[in-house]
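This report refers to the structure that appears directly beneath it.
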Amino acid sequence: MSFAHKHLMGIEELSAEDIALILDTAEKMSEVSRRPLKKVPALRGKLVVNLFFENSTRTRSSFEIAEKRLSADTLNFSASTSSLQKGETLVDTVLNLERMQPDCYVIRHASPGTCQLIHPFTRAALVNAGDGTHEHPTQALLDAMTIRQKKGDFKGLEVLICGDISHSRVVRSNIFLLGKMGAKVTVCGPATFMPPYLESLGVTATTDFERALRGKDVVMMLRIQMERQTKGLFPSLLEYYKTFGLTEARLRLADKQVIVMHPGPINRGVEMASEVADGPYSVILDQVENGVAVRMAALYLLLGGSEDEATH
Amino acid sequence: MKRKTLFDAAGIQRSLGRLALEITERLQGCEGVVLIGIHRRGVPLAQRIARLIEKAEKTKVPVGSLDINLYRDDFSTVGAAPVLRGTQVDFDIGAKTVVLVDDVLFTGRTVRAALDALVDLGRPARVQLAVLVDRGHRELPIQADYVGLSLNTRREDHVELLLKETDGEDALILESAASAERAGTEGKRP
């Protein structure tokens with residue numbers, strides 16, 4: 001079984017077998033991170049450019065560590081200190097970098113379809129680290145790795161994702177992935193955060209948080225972005241917490257073996273109570289650890305082989 | 001393509017028996033000795049040899065497994081990234097005698113990768129190599145310390161070891177393009 005994709009632009013184009021291969025490979029990569037010498041020469045001499053046009057702590061550090069553990073060379077491009085400030089376009093930036101023969105771009109941008117836009121201008125492999133509100137494939141993969149570690153199989157698993165659904169690329173990637181792997185997904189949030197036609201993605205949509213929690217095996221809370229408050233999408237953080245915050249009492253409505261997830265960074269007292277974030281059901285820090293393994297797996301599968309065999 | 005079974009299950013077990021004896025004879029027992037099998041088929045071979053040594057010496061020998069896919073030197077030629085099997089060495093190899101175990105020794109590149117992988121795990125006192133078959137055609141200065149069967153092969157020939165643990169049956173198969181009887185000798189070539 002081999003990974004026949006040249007890029008990782010989203011979960012939508014992956015098959016269940018592709019996803020299983022990435023997760024299996026990620027498990028093997030975890031072992032590398034637990035050695036005293038946390039490096040293997042698999043991507044020696046390959047250049048990976050981290051093209052981040054948006055701020056990030058987790059994703060960017062995670063990718064950089066993954067690249068270094070595979071012995072790749074990394075170039076960190078930060079929008080704020082680049083010539084973008086002088087008005088250079090995205091495509092021009094890529095055309096210039098391309099002359100330095102990178103093997104891979106890891107891209108995070110505020111606009112959906114960034115990878116698709118620059119695809120014709122580069123020979124490198126493209127990894128989407130988050131494009132606007134579209135997809136964040138490695139986040140969904142590390143979420144899946146965490147779920148698989150704690151729950152074994154995805155088939156029939158009851159998953160609840162709650163928060164700002166309309167602005168979340170994490171939820172989109174997760175809906176695609178969990179759907180392909182046979183889990184049952186419910187999404188929940190205030191009506192102002194729920195776009196129409198969610199059911200067409202194969203999920204159940206509701207604004208009744210406590211009802212939605214019943215019997216769930218996995219509860220994933222999404223970050224509330226403060227900027228949305230100024231746009232009038234919710235009245236106050238406290239009111240959000242009162243209706244949609246995950247408290248210890250509400251968590252008891254879920255399955256006895258429930259796991260609590262969050263992509264980070266957490267707003268304590270907004271999406272969830274501190275006691276829940278730090279409590280025994282929380283696997284939030286496991287998610288971060290798995291992030292490095294999943295990104296090592298993705299880079300290895302994309303770059304650890306000859307160019308000719310991969311397809312588009 | 002002519003397909004010949006060189007060893008059946010009994011033949012393989014006899015060879016492994018001799019390898020186990022040679023190892024304990026050369027190392028004067030199994031004190032400080034660990035066996036590490038190279039994925040894929042080196043792993044069940046290492047486990048079988050360990051059991052044979054344990055029966056004779058009445059001591060348990062630690063067994064680990066090594067995945068060399070992250071250390072290969074042929075990435076640009078194999079095609080898609082090879083499937084990982086995982087490394088599992090749950091003991092410290094520092095100051096130990098590590099006997100690497102593999103099924104077939106051919107160009108020597110797998111063993112070169114295994115040595116690199118081993119060095120990243122610790123600093124053994126010494127490393128030795130045990131293989132079931134040495135088929136010649138080395139591309140690197142690599143040698144085995146313990147050999148089950150030395151085989152004269154042509155480069156285009158195909159030598160395959162099947163094992164119950166991985167393939168459902170025990171057999172050593174040689175596939176060669178037409179004519180000429182293969183000469184095989186037990187043990188190391190002179």
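A note on names: the letters A, B, ... follow the listed sequences, proteins ahead of strands, and every chain is numbered from 1.
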Report, one line per pair, each donor and acceptor closer than 3.5 Å where one atom sits in a side chain of residues 119-127 of chain B; sequence neighbours left out.
from	atom 1	to	atom 2	distance (Å)
B:Asp120	OD2	B:Tyr71	OH	2.8
B:Arg126	NH1	B:Thr97	OG1	2.5

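- In this structure, A:Tyr105 has its ring center at least 6.0 angstrom away from the ring center of A:Phe77.
- A donor-acceptor contact shorter than 3.5 Å links the side chain of B:Asp67 to the backbone of B:Arg85.
- Looking at B:Arg112 and B:Asp116, a side-chain N of the basic residue comes within less than 4.0 Å of a carboxylate O on the acidic one, giving a salt bridge.
- For residues 60-72 of chain A, heavy-atom neighbours of chain B at less than 4.5 Å comprise no residues at all.
- Neither the backbone nor the side chain of A:Lys38 comes within less than 4.5 Å of any heavy atom in chain B.
- Salt-bridge formation is not detected for the pair B:Arg40/B:Asp102: no Lys NZ or Arg NE/NH1/NH2 atom is positioned less than 4.0 Å from an Asp or Glu carboxylate oxygen.
- B:Arg3 has a carboxylate O that lies under 4.0 Å from a charged side-chain N of B:Glu175, or vice versa, which qualifies the two as a salt bridge.
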